[in-house]
2 protein chains.
Amino acid sequence: MFPVSSRSQYGIRALVYLARKQGHVATASEISSREGISAKYLEGILTTLSSAGLVLGERGKNGGMRLARDTSEITMRDIVQALDGQVRPVACVDAAGDCSQGGACLPRRFWLGLKSVIDEYLESHTLKDVSES
Amino acid sequence: MFPVSSRSQYGIRALVYLARKQGHVATASEISSREGISAKYLEGILTTLSSAGLVLGERGKNGGMRLARDTSEITMRDIVQALDGQVRPVACVDAAGDCSQGGACLPRRFWLGLKSVIDEYLESHTLKDVSES
DNA sequence: ATAATTCCTATCGGCTTAATAGGAATATAT
DNA sequence: ATATATTCCTATTAAGCCGATAGGAATTAT
């Protein structure tokens with residue numbers, strides 16, 4: 001129950017690895033071999049993190065990836081949201097809010113509360129916390 | 001991210017329905033038609049809830065399902081655990097604890113904390129809360 | 001007996017996801 | 001310039017999960 005995708009888990013490990021580099025670059029293949037993650041798969045994950053603005057990708061020879069900002073400025077919510085989207089326990093807890101039961105749906109509040117506690121936990125932990133703990 | 005299975009969602013709706021019955025029986029087909037849930041599928045869900053001791057199944061004619069205990073004595077964690085197993089964001093956060101990285105796995109604490117906040121939220125909300133909110 | 005119900009087992013089709021493949025775009029080094 | 005190393009883009013595959021269905025066995029009231 002409440003499984004976290006491999007994508008997010010890999011992404012976090014990669015970012016922890018980059019955090020240790022203190023802002024210096026590391027290539028996708030370096031991270032993949034050190035962390036034991038499929039090279040091509042991780043490559044795509046890092047590209048996604050780059051689109052999300054969490055890392056900077058530098059192309060070409062001697063290129064690689066580096067953190068886009070300080071580890072204390074990257075929350076765990078930023079990461080999992082970039083890789084697996086918003087926290088959404090059930091379909092009806094988003095902007096659309098198209099619960100088939102309308103306002104009469106009793107469990108809705110309960111699910112909204114669950115979304116809140118998860119979001120708050122993720123948001124209150126930064127990459128700095130995780131990479132130094 | 002963090003989707004809750006249809007099984008758990010259906011199960012909760014069925015239990016809310018039963019809660020309204022104040023301990024009287026309702027058949028699986030009655031609940032399925034009232035709640036718009038696939039009959040046979042819901043049947044299996046209720047059987048599972050029965051094995052878990054949350055409802056009592058009475059076989060035979062005039063049989064049906066009733067809550068096994070008071071709504072305030074059934075936590076939301078009881079329900080989702082019965083239907084979808086333990087809260088387990090990542091594989092390594094259970095008794096086995098076979099993290100390939102061993103004690104050197106940095107994100108482990110983070111995931112354990114996430115598991116805790118989810119467990120605590122689920123445990124602190126009962127069927128009574130949800131069915132009366 | 002008959003009817004109505006829970007309970008058990010097996011199966012199917014569709015969706016998601018981890019993983020792979022091939023290459024295009026880009027930048028550096030020589 | 002050319003070769004090399006890297007990110008970035010698009011498609012495809014293989015496997016697993018999950019919602020749903022099917023058919024019945026066991027049980028109980030009428």
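The chains referred to below are lettered A, B, ... by the order of the sequence lines, with proteins before strands, and numbering in each begins at 1.
Nucleic acid contact for A:Gly44: none, since no nucleic acid atom lies under 4.0 Å from a heavy atom of the residue. Across all strands shown, A:Ser50 has heavy atoms under 4.0 Å from sugar-phosphate atoms exclusively, and none from any base.
Going from atom OG of A:Ser133 over to atom CZ of B:Arg108 covers 12.0 Å, rounded to the nearest 0.5 Å. Within the model, atoms OG of A:Ser6 and CG of A:Leu42 stand 12.0 Å from one another, a figure rounded to the nearest 0.5 Å. For the atom pair CG (B:Leu46) and CG (B:Leu18), the distance works out to 7.0 Å, reported to the nearest 0.5 Å.
Between the CD1 atom of B:Ile45 and the C1' atom of C:dC8 there is a distance of 16 Å, rounded to whole Å. The CG-P distance, from B:Leu83 to D:dC18, rounds to 12 Å in whole Å. Atom pair A:Arg66:CZ and D:dT7:P shows a separation of 12 Å (rounding to whole Å applied). Here D:dT6 presents its P atom at 18 Å from CG of A:Leu56, a figure rounded to the nearest Å. For the pair A:Leu46 CG and D:dC9 P, the computed distance is 13 Å after rounding to whole Å.
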Atom pairs, N/O to N/O, protein against nucleotides 28-30 of chain D, distance under 3.5 Å?
from	atom 1	to	atom 2	distance (Å)
D:dT28	O2	B:Lys61	N	3.0
D:dA29	O4'	B:Lys61	O	3.4
D:dA29	O3'	B:Asn62	ND2	3.2
D:dT30	OP1	B:Asn62	ND2	3.3

(message) What does the B/S/- profile of nucleotides 12-20 of chain C look like, 5' to 3', with a 4.0 Å heavy-atom cutoff to protein?
(response) ------BBB

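Note on A:Arg20 versus A:Glu132: no salt bridge recorded, every NZ/NE/NH1/NH2 to OD/OE distance being 4.0 Å or above.
In this structure, A:Tyr41 and A:Tyr10 have perpendicular ring planes: the angle between them is above 60°, well past the 30° mark.
Under the ring-ring contact (aromatic ring centres under 6.0 Å, His included) criterion, the residue pairs touching residues 113-133 of chain B are A:Phe110-B:Tyr121, A:Phe110-B:His125, B:Tyr121-B:His125, with sequence neighbours excluded.
A donor and an acceptor atom, one from each side chain of B:Thr75 and B:Asp78, are located under 3.5 Å apart. With hydrogens and angles left out, the side-chain atoms of A:Tyr17 and A:Glu30 include a donor and acceptor closer than 3.5 Å.
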